[in-house]
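I have placed the structure first, in the form of structure tokens, so that the comments after it can refer back to it.
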Amino acid sequence: MSAGTGKLDVLVTDIKPINTLVKRFQFERADGRPLPNFSGGAHVVVEMKDDDRMRLNPYSLMSSPLDTSHYAISVRRDDQGRGGSLFMHNQVAVGDRLVISYPVNLFALDLRASKHLMLAGGIGITPFMAQMAQLAANGSNFELHYSCRSRSLASYAQEISAHYDHRIHLYYDDEGQQIDISTLLSGQALGTQVYVCGPRGMIDAVCSQATAAGWPDQAIHFEEFITPPTGKPFKVRLARSDKTITVGEHQSLLEAIEAAGIDAPYLCRGGACGQCETDVLSCDGSMLHNDHWLTEDQHASEKKIMPCVSRFEGELLELDR
Amino acid sequence: MSIQFKQETFRDDFTFSNSPEQIQRFPFPFDKDSFMYSVNLEPHADGRKDSAYEASFDVDEHYVSEMHDRALVLDEDPLRCQSLPHMTLAGWDVLELIMTEKSRDYPDLFTLERKGNQCHWINRPLEIDQHFTFGDETTLPHGPMEYITRQAQGDFCLLDQRNDNLWMDAGIVTTQADWSLDFDIGMNFFEWHAPVPLAHEMGIFQRALKFLLNIQQGRPARRLNWTLTINPRLDTSPENYHKWGIDKATVAPENVGDKVHLRVELQTFWRLPRSNALLFPIRCYLIKMSELVTVPKWGRRTHRVLRDIPPELADYKGFASYRDTLVAWLSQYDDGEKTSPGVWPE
Ligand code: FES
């Protein structure tokens, strides 16, 4: 495989429903040894063999980096999605074997910070769970603001409040509560780093308000894994491999390339890491870019595409792959 | 195979030399008869048996003496080892990685016993027997990075990864080829590479950085770099230029084979799991020209490479002034025969 990571054979040792939408999965290493160490903010890519289809989805590790006897992830069910979360919810059982990647961290803490200010929305809470465990263990200064739709859907809110007490601030949409981002950002001491993980609107709001308030880019961190969007099937010519493939409605371009037996590079599969960047040789139609990696100019130039999340509509797309 | 550790010096009387076995395992850098600067990164894995690439952190016959030389340098100049405050966790990563790899690769030399955070480390060649608590600096005589790198050959840079760049935020540097940790500390990847000529235009630094940022846990990478050094001096630092700068003027036809050393850096890159930092060890290997030519292929090839290298590169690598003397001496070991591809002796 072309992921720059090794693979781990794991057993599913626990599955817990957290609320009506979210389940927590616990993995242990199949050979009984401890899992590799990792840093808060890291994710793993879970391989799902669903009949003849192979899906690989990234999930943030939420268990404590100080305890490598197991890893835990949380999966939010998406009934409209491409089926990865449904597969995890409906088909995976305790005792199953899975293959996951080594941890990769694209959302690392800046350990120079005098304070870590964290903003989470919904399932975006998971990387912060691991980061808070890491920071609490060495007495670092952090504060988490967590916004959820409702009390009943606030995954882990009780648990972290009990654990970290006044460092946790909760906001419930259905009770009319909202994080006051600008006030929050303006009251911070020099040396504070801000981290945001959640829906795109929240990430955009935090990033733009922080920038407007004069925060340097280096002090603003965000992570959003885009799930590959579905869309109309399209044809792609892979010039180097001399193959023409069709990308299905529920398939990503990267998955279609892999299904054709071609070893293509990737790391995050969510438009964030840059590993899958591919040169476009010709494009008769329009590209539907969905990544965070390429610049707007690069998107407009139609010379590059990120096959993990981006699609195409038109006659034919030709790639250097 | 047990290693016979040598007692030798890298300064003053320069008693350093390589045994015939050590010559065979030298990491010869030229895979063809000409040299072109390239990034040449490859996985650091599946090391060939009895080569410098076999172990994660190679231990050879110079180990004990090199560690003694490092201690001397640090005594004179403690700033050769520095760690910015946020790099302590990365230091523990380094200690854990080196202890784990060395005790696995050399069970007869090193032992690590561990129960939770209680550790017992035995280093037989250096006669060290240490109990300590992982994560508790007060249980070691030095900080974690310094402690373990006083027991590991080569320089070590610890690079923090932030904002899509790498930052030289800690390191121990006592065997460097003319650069200074004290000068580079806190710099990012582009800043500390700034003096390299030619290469920048090729955009290879951009590509190299992208590669390094994506190095993942359990998948280390390596590359070789080389230069020439007069006398087997490990510490050719800018701080000590007044001691070694004059050495070049001593090269003459009758001593060139013993004075001039090929200096190869085996650079490796490791993602550190707890801190997400990158460890960048730079391991220096020295070999006298007179030792190198005992391998006929290497003698022929080294002659051709050094003869044909562009003047600006000879200048950059610092041997322009004695290149002619050296090439003339090497020419007697080049009979014009073909050389086989690759770096191995034959
Ligand atoms: S795999 Fe990370 S951007 Fe596509």
Side-chain angles (χ1 to χ4, degrees), chain A residues 1-8 34-45 61 64-69 101-114 116 130-131 134-135 137-140 191 193 216-221 265-268 272-277 292-293, chain B residues 41-45 83-97 99-100 104 114-117 134-137 158-167 169-170 186 188 206-207 209-221 269-278:
Chain A
M1 280 300 217
S2 282
T5 61
K7 306 274 165 191
L8 298 163
L35 286 152
N37 288 311
F38 67 98
S39 47
H43 72 267
V44 295
V45 172
L61 292 175
S64 167
L66 285 81
D67 179 1
T68 53
S69 63
S101 72
Y102 263 69
V104 172
N105 200 339
L106 301 172
F107 189 51
L109 293 165
D110 184 334
L111 296 176
R112 297 169 311 160
S114 56
H116 304 271
Q131 291 183 332
Q134 179 180 336
L135 292 171
N138 67 9
S140 296
Q193 298 277 330
D217 281 354
Q218 304 95 277
I220 310 168
H221 312 261
Y266 70 85
L267 208 51
C268 72
C273 73
Q275 268 301 289
C276 67
E277 186 177 304
H292 288 310
W293 177 256
Chain B
L41 281 154
E42 58 176 345
H44 183 42
S83 177
L84 298 182
H86 63 282
M87 297 304 281
T88 307
L89 181 62
W92 286 108
D93 265 328
V94 177
L95 175 138
E96 185 173 40
L97 175 70
M99 286 186 176
T100 308
R104 188 202 60 207
R114 192 165 175 176
K115 252 209 183 100
N117 286 334
F134 191 86
D136 181 353
E137 284 188 89
L158 249 180
L159 314 178
D160 196 17
Q161 181 158 334
R162 306 188 302 268
N163 321 121
D164 292 326
N165 211 328
L166 294 166
W167 305 79
D169 284 350
N188 71 33
Q206 235 100 18
R207 263 177 290 147
L209 175 62
K210 192 172 169 192
F211 180 92
L212 296 176
L213 291 173
N214 277 314
I215 283 182
Q216 299 302 333
Q217 221 171 307
R219 295 278 178 107
F269 302 90
W270 306 78
R271 175 68 55 205
L272 298 175
R274 296 171 190 269
S275 59
N276 202 43
L278 198 71

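A note on names: the letters A, B, ... follow the listed sequences, proteins ahead of strands, and every chain is numbered from 1.
To the nearest 0.5 Å, atoms CG (A:Asn37) and CG (B:Asn276) are separated by 12.5 Å. Atom SG of residue A:Cys268 and atom CG of residue B:Asn214 lie 9.5 Å apart, to the nearest 0.5 angstrom. From B:Thr88, atom OG1 reaches atom CG of A:Asn138 across 9.5 Å, with rounding to the nearest 0.5 Å. Atom-to-atom distance recorded for B:Lys210:NZ and A:Gln275:CD is 6.5 Å, nearest 0.5 angstrom. How far CG of B:Leu272 is from CG of A:Asn105: 12.5 Å, rounded to the nearest 0.5 Å. A distance of 8.5 Å separates CG in A:Leu66 from CG in B:Asn117, rounded to the nearest 0.5 Å.
Here the closest heavy-atom approach between residue A:Gln134 and residue B:Arg274 is recorded as NE2-O, 3.9 Å.
Remark: of the listed residues A:Ser39, A:Pro103, A:Ser101, A:Pro103 is the sole one forming a side-chain contact (heavy atoms from CB on, under 4.5 Å) with B:Gln217.
Using a 4.5 Å cut-off between heavy atoms, A:Glu277 contacts chain B through its side chain alone, with no backbone atom that close. With a 4.5 angstrom heavy-atom cutoff, B:Arg162 touches chain A only via side-chain atoms. Heavy atoms closer than 4.5 Å to chain A are found nowhere in B:Gln161, neither backbone nor side chain. If you measure heavy-atom distances from B:Leu89 to chain A, the contacts under 4.5 Å come from the side chain alone.
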